[in-house]
Amino acid sequence: MCGIVGYVGKNISVKKILAKLQNLEYRGYDSAGFAYIKNNNIVCRKKVGQIVNLINATNDQEQADICICHTRWATHGKVCENNAHPQVSYNNNFAVVHNGIIENYNQIKEKIGINKFSSQTDSEVIANLMEEISGAIETRFFEMLKKISGSYAICLIERSSKKLYVAKNKSPLYISQTEDGYFVASDISCFEGNDYYSLEDGMCAIIDKDNLKFYKDSKPCKLQKTKNIYHIDDIKLSKFSHFMQKEIAETPQILFNIAKTYSKLVETIKYKNLFNNIKNVVLSGCGTAFHACLLGEEWINDTYNLNARAYIASELRYKENIIDKNTLVLLVSQSGETADTLAVMNMAKEIGAKVVAMTNIEYSTLAGGADFVLPLCAGQEIGVASTKVYSAMLAVFYILSTKNAKNTGCFNKIITFSRQISAKFDKNIIEIVQKSKRVFFIGRGYDGITAQEGALKLKEITYKDACGYYAGELKHGTIALVDENTIVFAIITNKNIAAKTLNAVEEVCSRGAKVVVLTDQNLSGNFNYIKLQTAADEKLAAIAAVLPLQSLAYEVAVKCGFNPDRPRNLAKSVTVE
Ligand code: F6R
């Protein structure tokens with residue numbers, strides 16, 4: 001993870017450059033730093049915590065014509081100024097910002113001499129290798145790249161050369177020219193609508209204020225510009241207090257967008273042929289995206305005569321004999337940059353399987369590498385906890401698992417449903433959750449998966465001890481944890497098995513737990529209620545049920561005084577393995 005920004009051009013305010021870095025804060029926010037060149041010396045400043053701490057430590061008058069900055073999500077070494085980036089070389093000649101992991105850093109460190117290192121990071125080897133190699137800076141840079149292995153987006157400066165040395169392998173990196181000069185960044189959100197170059201793996205660039213040169217294998221090469229389709233409004237809060245709140249509220253509009261987009265997409269030959277000559281469907285993703293895959297698995301199996309199965313990407317990538325060349329590998333990822341999901345893509349491509357990407361980011365590595373893209377049409381998701389995109393994933397799986405979607409009223413059902421959904425619930429519940437020691441989410445069938453997603457959302461932003469279970473499983477062990485300090489959310493959207501989930505409700509009530517039932521049925525009992533709107537299809541009910549759970553997590557986090565957009569230890573884009 002981590003976000004990097006590099007700049008070379010006119011003399012501009014350092015704060016202006018840091019404002020760009022703030023667009024990348026979703027990639028990591030435990031510490032931040034910058035380095036620029038002044039009188040042939042490297043000026044470097046770092047602060048622990050969010051970028052605002054660094055901005056507050058920066059003078060309004062401070063200017064730079066070359067600068068590198070970084071926002072960190074710690075991998076190697078604890079969170080402290082020493083381990084924050086930029087990392088400066090032992091003779092103060094080079095400074096580097098890095099996103100990714102240098103896998104052979106220990107060997108390099110030992111070779112150079114441990115005493116020449118001042119941080120616990122893997123990244124410091126990049127700067128120190130530049131000191132160790134002799135020759136012109138350009139040659140040293142190419143040689144240094146040959147010596148490191150792993151994933152990296154690198155932006156490096158040398159104290160006398162006024163050039164940015166940039167390289168990319170498996171971590172995203174983009175370059176754009178603006179009126180001020182050239183910017184390098186981990187995400188195109190920093191480019192304010194300007195077109196950009198998307199570096200390919202193994203590519204480098206050397207940039208000064210007037211020139212941008214690309215290299216592959218140390219030799220000059222060319223790269224085409226890409227049109228910037230980024231919507232700047234997505235990164236504005238407007239009337240909302242947090243992005244998570246804004247993004248949950250955007251769900252109806254996104255469902256509408258999906259219905260409109262897919263009513264055309266399903267007519268394309270590529271879409272129609274998706275399942276042709278396919279025996280097995282493997283669905284894969286991580287975290288929330290994996291929960292969407294679990295529902296996708298159920299829905300595809302219920303519709304087609306196919307064997308669909310969902311796998312956690314970080315597990316699947318080490319399993320042999322699951323994917324063959326007749327498998328359709330459907331990879332689900334909001335960011336399209338999740339390292340484990342990309343590793344599955346590479347594995348599937350090597351085997352010769354057909355790869356389909358369901359992603360929200362059309363310019364992502366996943367979208368670029370797939371044979372076909374199922375867009376999620378949700379706009380940028382800034383809040384670290386995925387909300388609107390989860391609902392988008394379910395809507396796309398709903399379409400995908402509807403045979404002949406165009407003629408079944410599927411799109412109209414989504415549009416009608418999008419106008420009815422609500423994330424509201426009785427605010428008293430927030431306080432009960434806040435006071436409870438333990439929170440369980442239970443359900444059967446599709447609701448069992450919603451239960452897991454509800455629990456993930458709550459624990460990641462409120463740090464509550466929360467778990468999602470299939471309701472029938474509770475009595476096989478976990479019920480031992482249930483007592484009067486427990487609150488149980490029971491999700492019931494399937495009439496046929498409602499009575500069975502209610503049995504579990506009775507069992508936890510008997511052990512003193514408080515219970516909230518989320519249902520679109522007419523049920524009565526000694527419990528609190530969240531009434532869900534009735535969906536025209538049981539699959540859409542999964543979206544109706546998850547929305548109040550997302551809102552619940554949000555409200556509890558705010559009530560506890562936590563920032564729901566920036567949960568501890570997490571980052572939006574998990575680009576490490
Ligand atoms: C949880 C959450 C994560 C992501 C996971 C995969 O709210 O957001 O669990 O779902 O890190 O990320 P993507 O979808 O970008 O591959």
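When a residue number appears, it is its place in the shown sequence, counting from 1. What's counted below: heavy atoms across the whole structure, side chains too, no hydrogens, waters or symmetry copies. Note that ligands are numbered from 1 as they come in the structure, with each ligand's atoms numbered from 1 the same way.
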Going by the atom numbers of ligand 1, which of them fall below 4.0 Å from some non-hydrogen atom of [X]?
{"X": "Val384", "answer": "8 (O)"}
{"X": "Ala289", "answer": "10 (O), 14 (O)"}
{"X": "Gly287", "answer": "9 (O)"}
{"X": "Ala385", "answer": "7 (O)"}

Minimal non-hydrogen separation, Asn360 against Cys377, with atom names: OD1-N, 3.9 Å
Parallel, tilted or perpendicular: rings of Phe372 and Tyr271 (30°, 60°): perpendicular
Plane angle bin for Tyr196 and Tyr363 - parallel if under 30°, tilted between 30 and 60°, otherwise perpendicular: perpendicular
Cation-aromatic face contact Lys20/Phe183, 6.0 Å, 45 degrees: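 Yes; both conditions hold, so Lys20 lies above the ring face of Phe183.
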Exceeds 12 heavy-atom contacts within 6.0 angstrom, atom CD of Glu362: no
Check: Tyr197 and Thr226 side chains under 4.5 Å, non-hydrogen atoms: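 Sidechains of Tyr197 and Thr226: no contact.
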Min side-chain heavy-atom separation Leu552-Glu555 under 4.5 Å: no
Which residue owns the protein heavy atom closest to [atom], what's the atom, and how far is it?
{"atom": "atom 12 (O) of ligand 1", "answer": "Thr338 OG1, 3.5 Å"}
{"atom": "atom 11 (O) of ligand 1", "answer": "Val574 CG2, 3.9 Å"}
{"atom": "atom 3 (C) of ligand 1", "answer": "Thr288 N, 4.0 Å"}

Ser335 N/O to ligand 1 N/O under 3.5 Å: yes
Heavy-atom gap Cys286 to ligand 1 smaller than 4.0 Å: yes
Lys457 touching ligand 1 at heavy-atom level, < 4.0 angstrom: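 Yes; Lys457 lies near enough to ligand 1 that a heavy-atom distance drops under 4.0 Å.
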Closest candidate by heavy atom, reference atom 7 (O) of ligand 1, pool Met393, Glu460, Gln334: Glu460
